[in-house]
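Counting convention: from 1, in listed order, for ligands and their atoms alike.
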Amino acid sequence: MSRPPDVVYQVYPRSFQDADGDGVGDLAGIRSRLDHLVWLGVDALWLSPIYPSPMADFGYDVSDYTDIDPVFGDLAEFDRLVEDAHARGLRLLMDLVPCHTSIEHPWFREHPDWYIWADRPNNWVSAFGGSAWEARDDRYYLHSFYPEQPDLDWRNPELIAAMQDVLRFWLDRGTDGYRIDAIDRLLKDPKLRDDPPASEPYGLPLREDAAKLALTRSRNAPDTGEALAKIREACGDAFLIGEVYLPSARWQPYSDYFDAVFAFELLHTPWDAELVRGAIEATTRQRRAAWVMSNHDFGRLPSRFGPENARAAALILLTLPGTAFIYQGDEIGQGEGPGGDPPYDRAGRDTCRHPMQWDPSPTGGFTGGEPWLPLVDPERRSVEAQRDDPGSMLTFVRRLIALRRELGGDFELLDAADGVVAYRRGEHVVAVNTTSEPRPAPLRGEPRLETVHGVLRDGVLVAHSGAIGKD
Ligand code: GLC
C-alpha cells in the first residue's frame, strides 16, 4: 500500500470557493485556493463528492460516477485541478460512494437487479430515521440513507465490475486515492433477516430507533472482506480511507484492505480527560487509525468541543500518530451557522456547511455573488485576519502541522493529573488540560499548564495554543 498522507484537508466543494459567481463553490475556485493548502502545510486534499447529482444529499446521491456536476465544473477543469495540485506536491483524494446511487442514476432503471429489493420490509432503519424500505411498484427497495439513495447489491458481479471501472476511471485521471463513504453498509445479510434487538451499546452515537437494534444484519455482513478485496483490486496501491461507522475494536476486515479508517470514537468523545484518553487508548490499540474531529456531518471543532477548547482539540487531532483529517475552516476556528431557511439538508447538517471565510468582507471572499448559505461571521474570523497574527488559531494549526515532521514514531499515553490528557511522541510530550483550572504538567520539571495547552520538548513548550479559553 502507498505511503499514507500526513495531513489531509477536507474540502466541501459547495462551500470552499466560488469562481463563477453563482454563489456555489466550484473546482476552479478550489484550484485558485490551492496555495492556502500549501502554505498551511497539508499534503493532500479530499473532495466531498463532485459527481453529477440531484443533490438530495449534496452529492452523496450520485447520478453519474464518471463525470462532474455542472455546478462544480467539468472534466477538463478537474484535470486542471489535479495537475495544479500535483505541481504543488498535493495529493488529491476523491469521495467514492459505493453503497448507493441516486434514485435518478440510469442504473436504477436499466439494472434494477444491481439494487436490493424485498417483497415486504423488514425492521431495518435508515441512518436518518424511519424504515429503510420504500415501495416501488409491487416491491420495496432498500435505502440505508435517504429514500433518494437506493442501496446497491455488492453481491452482484456486474455491479462490482461497473464499480471497479469507476474506481479505475478516476485513478487513470490522476486521482491519488479515495475516501470511501459509509463502507460498513457495503454488505448486508443476504437473507434480509431482521436486526435483533440491541443487547449492548453500539459504541458510537446512533439515532433513537437505530440504537434499539443490534444492527448486525443491516450492515457489516461477515463476508464484507470479499467485496473490499474487489475495491482494493481495482485501486492497486492507491490510498484508501474508509468511513467505517463502527467502534475501533470492530475495524476488521476494513483495516485489512484499506490504508486507514476514521477514528470516530475520538470525534464523538465529550470533552472530558478520562473519556478522551479512553478513546485514544482504544483506537491506538488498532492498526490504521486516521484522526478526524469534525466534518460535514458531525459539526465543527468549536461546537463539538466548546469554543474555548477548539485549539486544544486541534492540538490532539494534529499530534496523534497516523493521518489527520482537518475540515475546511477549522484551521481558523470557524463556527457553525443557522443553516438554510428552509433547511437544505433534512438531517440538519447545513449548520456545519456554511462557506469558508477567507476575508472580512460580507461574503467572506467566498463568492462575488449571493452565497448559497450566508457567511457566519467573516468580520470576526477569516484567513486574511489570522494569517499574520502570531496568536491566532490559524498560526497555531500551521505550527502544529510543521511540528508533526519532528514528532517521533513512538507513542505512549502518560499518567497525568486529573483533567489532563498527555502522551509522548518520541522526544515530545503533548499535554492538554481539559479543565479551566491550573494543572501540573505531566512530567516533573515541566511548566505548569496554567495558561496553555501545548507540545513540550525537554521541558520547553515548542508549540502552544495561547491562553486557555481563547477561541
Ligand atoms: C456519509 C457521508 C454523508 C452522507 C452519507 C450517505 O456518511 O459523509 O454526508 O449523507 O454517507 O452517503
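- Close contacts of ligand 1 with R349, meaning ligand atoms under 4.0 Å from a residue heavy atom, involve 3 (C), 4 (C), 9 (O), 10 (O).
- In the model, E336 has a side-chain atom that pairs as donor or acceptor with a side-chain atom of S303 under 3.5 Å.
- For atom 7 (O) of ligand 1, the closest non-hydrogen atom on the protein side is E243 OE2, 2.9 Å.
- Taking the six-membered ring where the residue is Trp, F262 and F264 present tilted rings, their angle falling between 30° and 60°.
- Under the 4.0 Å criterion applied to side-chain N and carboxylate O atoms, D256 and R287 are assigned as salt-bridge partners.
- Those atoms of ligand 1 with a heavy atom of H100 less than 4.0 angstrom away are 6 (C), 12 (O).
- In F128, the part holding a heavy atom less than 4.0 Å from any atom of ligand 1 is the side chain.
- Applying the salt bridge (Lys or Arg N to Asp or Glu O under 4.0 Å) test to R136 and every residue at least two apart in sequence or in another chain returns nothing.
- Between D57 and Q149, the side chains place a donor N or O and an acceptor N or O closer than 3.5 Å (distance only, hydrogens not considered).
- Below 4.0 Å from some heavy atom of H296 lie the following atoms of ligand 1, by number and element: 2 (C), 3 (C), 8 (O), 9 (O).
- With respect to atom 8 (O) of ligand 1, the closest heavy atom belonging to the protein is D297 OD2, 2.5 Å.
- Atoms of ligand 1 found under 4.0 Å from any heavy atom of R179, numbered from 1 in the order shown, are 2 (C), 8 (O).
- In terms of modelled atom types and a separation under 3.5 Å, the side chain of D151 and the main chain of H100 share no donor-acceptor contact.
- Per-residue contacts place D57 under 4.0 angstrom from the following atoms of ligand 1 (heavy atoms of the residue considered): 4 (C), 5 (C), 6 (C), 10 (O), 12 (O).
- Nearest protein heavy-atom contact of atom 11 (O) of ligand 1 is D181 OD1, 2.8 Å.
- Side-chain atoms of Y60 and S53 include no donor-acceptor pair closer than 3.5 Å.
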